[in-house]
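What you are looking at is a predicted structure, and each value in this text was computed from that prediction instead of being measured. As a basis for the values below, the full set of heavy atoms in this structure was taken, side chains included, without hydrogen atoms, waters or symmetry mates.
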Amino acid sequence: MNKFWIVLWHTYTTKLKAKSFIITTIITSLFVFAMANIQHIIEFFTKDEKTTVAVIDTTGAFYEPLEAQLKQGKHDDLKLKKVTGLEEKAKEAVRNGKWDALLVVSADEKQLPKAAYYANTIADNDTSSELEQALQQLKTTLATAKLGLKQEQIAQLYEPVPFEKVALEKNAKTEEELNQARVLVYVLLFAMYMFVLMYGGMISTEVATEKSSRVMEILVSSVHPIQQLFGKILGVALLSLTQFAILFAVGFTALKSSGQELWKFLGFDHLPVSTFVYAIIFFLLGYFLYATLFAVLGSLVSRVEDVQQMIMPVMIVVIAAFMIAMFGLNAPESSFITVTSFIPFFAPMIMFLRVGLLPVPFWEVVLSLVLLIATIGLLAFFGSKVYRGGVLMYGKSGSLKDMKKAVQLTKK
């Protein structure tokens with residue numbers, strides 16, 4: 001066991017001190033902090049910016065109601081400027097930068113407003129959408145007034161229909177709890193997806209690099225293959241957990257400091273502890289499952305350049321699991337999601353998705369975990385044999401058929 005710990009800590013400390021790891025962690029932490037405070041950042045850069053739109057009202061009756069409608073909608077970033085004169089001169093003023101846009105309002109055959117919007121570019125969709133929405137509301141008000149409807153009748157007409165969703169199952173989540181759980185499940189699924197791909201590839205590259213340096217023969221002769229295999233896997237796992245802990249701490253602090261509204265919207269305070277426990281369990285088991293595969297496949301190649309080609313099938317499986325999970329966010333009760341949650345290569349993401357959104361029977365969770373752990377055990381047993389022979393294979397290799405050759409080498 002002493003040799004196992006040497007491999008583990010050497011793998012961990014070497015990667016931890018690497019400049020690439022430090023720089024990546026810093027950049028990602030800054031990105032997480034920025035995303036948590038994105039609203040404040042946008043407001044900081046846009047608080048003094050106002051879009052000025054010149055308005056030509058050919059009827060002389062729509063400008064004041066339109067301006068009032070915008071104020072009622074609290075569009076503080078939009079400023080209207082009533083102008084008179086020729087339309088071509090107003091367009092030329094927009095081209096020269098005097099105004100940001102021009103809105104020409106006229107009346108249709110029913111004496112209701114219609115408009116044309118002119119700007120140097122129409123990439124700013126927010127401004128045109130706000131004006132279109134305000135004009136639509138103004139048109140609705142004028143049309144209903146022509147029909148003789150009172151303001152109370154208009155309000156009653158557009159009042160949303162009461163629609164309440166009630167779950168009949170005893171432990172089913174409410175709609176608010178489901179929305180909050182979806183946010184956490186989405187974040188953790190994405191984190192699991194990224195970390196498995198990133199650190200799984202790191203394990204494959206680590207093994208291939210040692211083979212290319214011709215020191216693998218010495219390692220195999222001094223350290224048992226299983227100790228070496230899991231020493232690397234657990235070393236990189238510890239590294240990934242270190243980075244994940246740093247990013248989680250940065251994200252947690254940023255969300256807490258960004259204001260109570262965002263934190264309340266995410267609803268982390270109300271989520272059950274079991275959701276976080278399941279997240280950790282499935283995250284670790286999913287990592288061990290794929291990391292074992294990545295390490296075994298990495299031992300079959302002799303050059304670092306061949307690693308990506310060899311591990312591509314596993315990456316496709318990870319991507320497929322993530323895509324299925326994205327589908328399951330909106331249909332967690334579908335039979336397809338239920339079945340795939342018991343398939344070991346999909347279970348880390350899909351079963352976690354189910355337990356995060358649904359009252360899943362405990363026996364189903366246990367069965368999924370047992371199948372997952374059993375698969376990891378079988379892969380570890382078979383993988384150690386492939387790993388022991390694979391690390392001694394040099395020359396051109398790039399197919400899964402080399403596994404048979406690797407196993408045969410262990411018998412010699």
Query - Step-by-step side chain to side chain contact (heavy atoms under 4.5 Å, CB included) determination, Asn120 to Arg95 - result: CA-CA 6 Å; Asn120 289 329; Arg95 294 191 190 98; 3.9 Å; yes
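- Within a 6.0 Å sphere centred on NZ of Lys82, other residues, nucleotides and ligands contribute more than 12 heavy atoms.
- Between Ile26 atom CD1 and Phe21 atom CZ the span is 10.0 Å, to the nearest 0.5 Å.
- In terms of heavy-atom proximity, Val94 sits nearest to Ala119 at CG1-CA, 4.2 Å.
- Taking each heavy atom of Pro348 and Phe282 in turn, the nearest pair found is O-CB, 3.4 Å.
- Note that the OG1 atom of Thr28 and the CD atom of Gln243 stand 6.0 Å from one another [nearest 0.5 Å].
- Between the side chain of Ser29 and the main chain of Leu247, no donor-acceptor pair closer than 3.5 Å is present.
- Taking CZ from Phe345 and CG from Leu371, the interatomic distance works out to 11.5 Å, rounded to the nearest 0.5 Å.
- Distance check: Leu135 CG to Leu112 CG gives 11.5 Å after rounding to the nearest 0.5 Å.
- How far OG1 of Thr340 is from CD1 of Ile350: 4.5 Å, rounded to the nearest 0.5 Å.
- One finds the CD1 atom of Ile373 at 11.5 Å from the CG atom of Leu289 (value rounded to the nearest 0.5 Å).
- Environment of OH in Tyr193: crowded, with over 12 heavy atoms of neighbouring residues, nucleotides or ligands closer than 6.0 Å.
- Here the side chains of Leu379 and Phe288 are not in contact, with every heavy-atom distance at 4.5 Å or above.
- Asp100 places no side-chain N or O within 3.5 Å of a backbone atom of Val53 that could act as its donor or acceptor partner.
- A salt bridge is defined here as a Lys NZ or Arg NE, NH1 or NH2 lying under 4.0 Å from an Asp or Glu carboxylate O, and Arg354 with Glu333 fails to meet this definition.
- Cation-pi check for Lys91 over Tyr118 is met; the charged atom lies under 6.0 angstrom from the ring centroid and within 45 degrees of its normal.
- The closest side-chain heavy-atom distance from Leu241 to Leu284 is below 4.5 Å.
- In plain terms, the two heavy atoms of Val317 and Phe346 that are nearest each other are O-CE2, 3.9 Å.
- When side chains are defined from C-beta on, Leu329 counts as touching Leu353, because their heavy atoms get closer than 4.5 Å.
- By the 4.5 Å heavy-atom criterion applied to side chains, Glu67 and Val55 are not counted as neighbours.
- Ring geometry for Trp9 against Tyr12 counts as perpendicular: the plane angle is over 60°, on a 0 to 90° scale with 30° as the lower cut.
- Taking every heavy atom of both residues into account, Ile337 and Gly328 meet most closely at CD1-CA, 3.6 Å.
- Side-chain contact check for Phe342 versus Glu364: some heavy-atom pair is nearer than 4.5 Å.
- Under the 4.5 Å side-chain criterion, counting only non-hydrogen atoms from C-beta, Tyr117 is not in contact with Leu102.
- By the 4.5 Å heavy-atom criterion applied to side chains, Ile281 and Phe352 are not counted as neighbours.
- Looking only at side-chain heavy atoms (C-beta outward), Met349 and Ile324 stay at 4.5 Å or farther from each other.
- Of all the heavy atoms in Ala107 and Lys114, the pair that sits closest is O-CE, 3.9 Å.
- Within a 6.0 Å radius of NZ in Lys139, no more than 12 heavy atoms belonging to other residues, nucleotides or ligands are found.
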